[in-house]
Amino acid sequence: MKTKIYQMIVSAVARAHAAGALASAETGDMVVEIPKTESHGDLATNVAMVSARLQRMAPRRIAELLLAHLQDPENLVARTEIAGPGFINFFIRPEAWAAVLRDIHLAGEGFGRSQAGRGERIQVEFVSANPTGPLHVGHGRGAAVGDTVANILAAAGYEVQREYYINDSGRQIRTLGRSVFLRYQEICGRTVEFPEDCYQGDYIRDLADQMYQTHGAALMEKDEEAAVALCARHAADTILAGIRKDLEDFGVRFDRWFSEQSLYDEGRVEAAIDDLTRRGIVYEKEGAQWCRTSDYGDEKDRVVVRNNGLTTYFASDIAYHQEKYARGFERVIDVWGADHHGYIPRMTAAVEASGRRRDQFQVILVHLVNLMRAGQPVAMSTRAGEFVTLADVVTEVGRDAARFIFLTRHYESPLDFDLELAKQKTNDNPVYYVQYVHARIASILRKAADEYGIGTVDVEAVAKPGVLEQAEEIQLIKLMNGFPEVVATAAASLEPHRVTFFLMDLAAAFHAYYNRHRVLAEDQAIGRARLCLVRTVQQVIANGLGLLGVTAPEQM
RNA sequence: GCGCCUGUAGCUCAGUCGGAUAGAGCAACGGCCUUCUAAGCCGUGGGUCGCAGGUUCGAAUCCUGCCAGGCGUACCA
């Protein structure tokens, strides 16, 4: 509808120009938008105001000329008006909205999809938690955001790949192995001092116990390095398998699991450093190798190879990101925890130094989750190994509630996640509010089939004049009409919460309509038209929930 | 010190590329089930958009400065 009005304006300007009424055929930076207040029409444009300078004419005068040259071949517009400083407001005929409804209904599952992304190849890397412990609630938010962003991008016509980067190399893995080996030694009866920098959680004891079950006390005889390496391998593999399962239970899937170690095995880290050194971007100072990130906007240069010869995490990250672009992605999106925000300038610098544009690299910084229970904060201390895992939360509140709540805020806002609220089956809990729409409509459809003998929804029912004229019905159609744009905007801005808010708006409009009007009305023509309307609402709710990875229940 | 993020109703938050009278939920109060699921709906009150300038037809939105809070600022990962 918006596009059609836009086209009408563009051709009106052209026609007015051809007739000599306007000095230019340009429309400037005009927009067509849905006004906040209903009295300002269904759609409005600021074209007269933005082109006032261009046309050297008063905005209201331009508006008058445009309306004189406006043509409406599809007979969409009931009336127009010029308002305020020069807005042109369009009031759409109710019958035109019925036609829109028919289009939405026919689009079905595909409604909401668009080609806005034009097939741009994008990689979304998210979660990427170190395999040194189970996923906690914060990872859950990152998982929900990353997965949903990927879904939304795909729906908006981008070609998306989802990836998990496994930090399976370096010191933290050795620390993991050391932690397990120490607990293993305890099991074998030796008294050991357990250092603070080792992983404290109970799961380390479980892993040590598994090592004991497999190897008995044999590792005590081995060289310590070898024993630690064995423990590290077993622990990382086991924990990673757990992470995969947790994510699967959370409805998150990845196209690829990428190993950091493989970068070393294939010589990519070395190659990346060599390449940057050859180009003078990596240089030596005080026995270490530094990258000139400060030439690309970072506040200082960063070490890639320490004076002890070991590469930094940054070095493998450079190699990893180079490898991503080499795979053909035009844009790379990383989802990180907000505590890593200081890392953005250097990573952006590295991307640019590697020959890509700055805007080919984007970071979504997901902020903290404050876990609550009935308004009280839940104590979480990673150091003491006391944290609530994602799996615990999913078990307690369910996958749908968890995912939905993670997406009810802009990811740059801290999120209070109340476990009791998430389980509540009231309108305080937004996920039930939205799902309830789907279930309610499913119930109506069942009733229509069983008691009214209307087994199939007839699209043409809405075309009959006089069947869909209630204000609440038009309101529902208008809202649904905006869904593809919501998805496209959410994709362009990487803001999944827009879809969540859209669903809550549509749900509110439906519940209001439901309470005011009976769908299965006595008048058969009206009843059939309304049935088509609510079936379409149900479809749009299902499509939106699908993007969020939340189920749309037939019954609640 | 420097950098990034945040500041909108009592609370939690939306606010489209700069648009018209800044919205929703919660909390408070008052109503609605013999009718398709009350896990729902309807109504009432509530605002110096952190502060001060600037840009322009027009600013919560863009720019500058300041204030407050959070996070970061390793030859850690």
Side-chain angles (χ1 to χ4, degrees), chain A residues 29-31 33-37 39-40 44-46 49-50 52-53 58-59 83-87 89 130 132 167 169-173 175 197 285-290 298-300 302-314 316-317 337-345 365 367-368 408-410 412-416 418 421 424-433 435-437 439-448 451-452 482 485-486 489-490 492-493 495 497-498 500-501 504-505 507-508 510-521 527 530-531 534 555-556:
Chain A
D29 293 326
M30 72 120 160
V31 292
E33 59 186 0
I34 301 162
K36 279 184 211 157
T37 356
S39 62
H40 293 139
T45 180
N46 61 353
M49 282 125 73
V50 296
R53 188 171 296 173
F87 288 101
N89 298 335
N130 294 342
T132 54
N167 295 116
S169 139
R171 214 185 70 163
Q172 82 278 10
I173 290 293
T175 304
D197 66 336
K285 189 179 88 179
E286 294 161 6
Q289 305 288 322
W290 298 70
D298 196 8
E299 59 186 40
K300 59 179 186 181
R302 306 291 176 176
V303 170
V304 287
V305 184
R306 291 184 272 165
N307 61 11
N308 63 8
L310 294 176
T311 52
T312 60
Y313 191 86
F314 184 45
S316 53
D317 262 347
D339 52 337
H340 290 78
H341 79 259
Y343 207 73
I344 296 175
L365 277 184
H367 279 234
L368 207 71
T408 52
R409 293 276 177 277
H410 191 287
E412 279 182 359
S413 298
L415 170 73
D416 289 340
D418 195 307
L421 181 65
Q424 243 172 53
K425 298 183 174 178
T426 70
N427 62 348
D428 294 353
N429 188 349
V431 61
Y432 287 102
Y433 187 78
Q435 287 183 315
Y436 190 38
V437 173
R440 259 187 161 171
I441 295 170
S443 176
I444 297 172
L445 292 169
R446 282 193 296 271
K447 186 144 186 136
E451 295 178 23
Y452 292 72
E485 194 178 331
V486 168
T489 308
S493 59
E495 293 174 335
H497 75 282
R498 290 174 184 277
T500 315
F501 278 85
M504 293 194 285
D505 281 350
F510 171 76
H511 287 311
Y513 172 67
Y514 176 90
N515 272 270
R516 196 175 286 247
H517 303 285
R518 197 180 158 78
V519 174
L520 300 170
R530 287 182 177 174
L531 205 58
V534 299
Q555 221 170 327
M556 287 171 74

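Since we're looking at a predicted model, the values are computed, not measured. Numbered from 1 within each chain, the chains take letters A, B, ... in sequence-line order.
Note on A:R516: every side-chain N or O is 4.0 Å or more away from OP1 and OP2 of B:C32. Distances shown here put a side-chain N or O of A:Y433 below 4.0 Å from the OP1 or OP2 atom of B:C41. Look at A:H511 and you won't find any side-chain N or O under 4.0 angstrom from OP1 or OP2 of B:C36. In this model, the phosphate group of B:A38 is approached by a side-chain N or O of A:R440 to a distance below 4.0 Å at OP1 or OP2.
Residue side chain A:F87 fails the stacking definition with respect to B:G19, as its ring centre and the base's six-membered ring centre are not both under 5.5 angstrom apart and under 30 degrees in plane angle. Using a 5.5 Å limit on the distance between ring centres and a 30° limit on the angle between planes, the aromatic ring of A:H497 does not count as stacked on the six-membered base ring of B:A14.
You'll find a donor-acceptor pair under 3.5 Å spanning the side chain of A:N89 and the base of B:A20, going by distance alone. Residue side chain A:N46 reaches the base of B:G19 through a donor-acceptor N/O pair under 3.5 Å, judged by distance alone.
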Under the 3.5 Å Watson-Crick or G-U criterion, the dot-bracket string of RNA chain B, with | for inter-strand pairs: (((((((..((((.....[...)))).(((((.......))))).....(((((..]....))))))))))))....
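Checked against B:C36, B:C75, B:G15, the side chain of A:K447 finds its nearest nucleotide in B:C36. Among the nucleotides B:U37, B:A20, B:G19, the one closest to any side-chain atom of A:S443 is B:U37. Comparing B:C76, B:C36, B:C41 by their nearest atom to the side chain of A:N515 picks out B:C41. The nucleotide whose nearest atom lies closest to any side-chain atom of A:A44 is, among B:C42, B:C36, B:A20, B:A20.
Using a 4.0 Å heavy-atom cutoff across all strands shown, A:A83 reaches at least one base atom of the nucleic acid. When heavy atoms are screened at a 4.0 angstrom cut-off, A:E451 is found touching no nucleic acid atom at all. Within the nucleic acid shown, A:A448 has no heavy atom closer than 4.0 Å to any nucleic acid atom. In this structure, A:A512 reaches the sugar-phosphate backbone alone: every heavy-atom distance under 4.0 Å involves primed, P, OP1 or OP2 atoms, never a base. When heavy atoms are screened at a 4.0 angstrom cut-off, A:E286 is found touching base atoms of the nucleic acid. Across all strands, A:T489 comes closer than 4.0 Å to no nucleic acid atom at all (heavy-atom distances). As judged by a 4.0 angstrom heavy-atom cut-off over every strand, A:N307 is placed among the base-contacting residues. Residue contacts shown for A:R409 are limited to sugar-phosphate atoms, with no base heavy atom under 4.0 Å away. No contact: A:D505 has no heavy atom under 4.0 Å from any strand.
Regarding A:Y452, its OH atom lies at a distance of 12 Å from the P atom of B:U35, rounded to whole Å. Atom CD1 of A:I34 is separated from atom C1' of B:U16 by 9 Å (rounded to the nearest Å). Between the CZ atom of A:R171 and the C1' atom of B:A74 there is a distance of 11 Å, given to the nearest Å.
Sequence order on RNA chain B of the closest nucleotides to A:F501 and A:Y513 puts A:F501 first from the 5' end.
When the side-chain contact (heavy atoms from CB on, under 4.5 Å) test is applied to A:D416, the partners found at least two apart in sequence or on another chain are A:N370, A:M372.
The glycosidic torsion of B:C29 lies more than 90° away from 0, placing the base in the anti range.
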Which nucleotides of nucleotides 2-7 of chain B have their base under 4.0 Å from a protein heavy atom (B), which only their sugar-phosphate (S), and which neither (-), written as one string 5' to 3'? -BBSS-
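Contact annotation: the side chain of A:L310 never approaches that of A:V305 to less than 4.5 Å [non-hydrogen atoms, C-beta and beyond].
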For A:Y433 and A:N429: C-alpha separation, side-chain torsions, deciding distance, then whether side chain to side chain contact (heavy atoms under 4.5 Å, CB included) applies. CA-CA 7 Å; A:Y433 187 78; A:N429 188 349; over 6 Å; no
Under the criterion side-chain hydrogen bond (donor to acceptor under 3.5 Å, both in side chains), I'd like the reasoning laid out for A:R440 against A:H511: C-alpha separation, chi angles, the key distance, then a yes or no. CA-CA 9 Å; A:R440 259 187 161 171; A:H511 287 311; 3.1 Å; yes
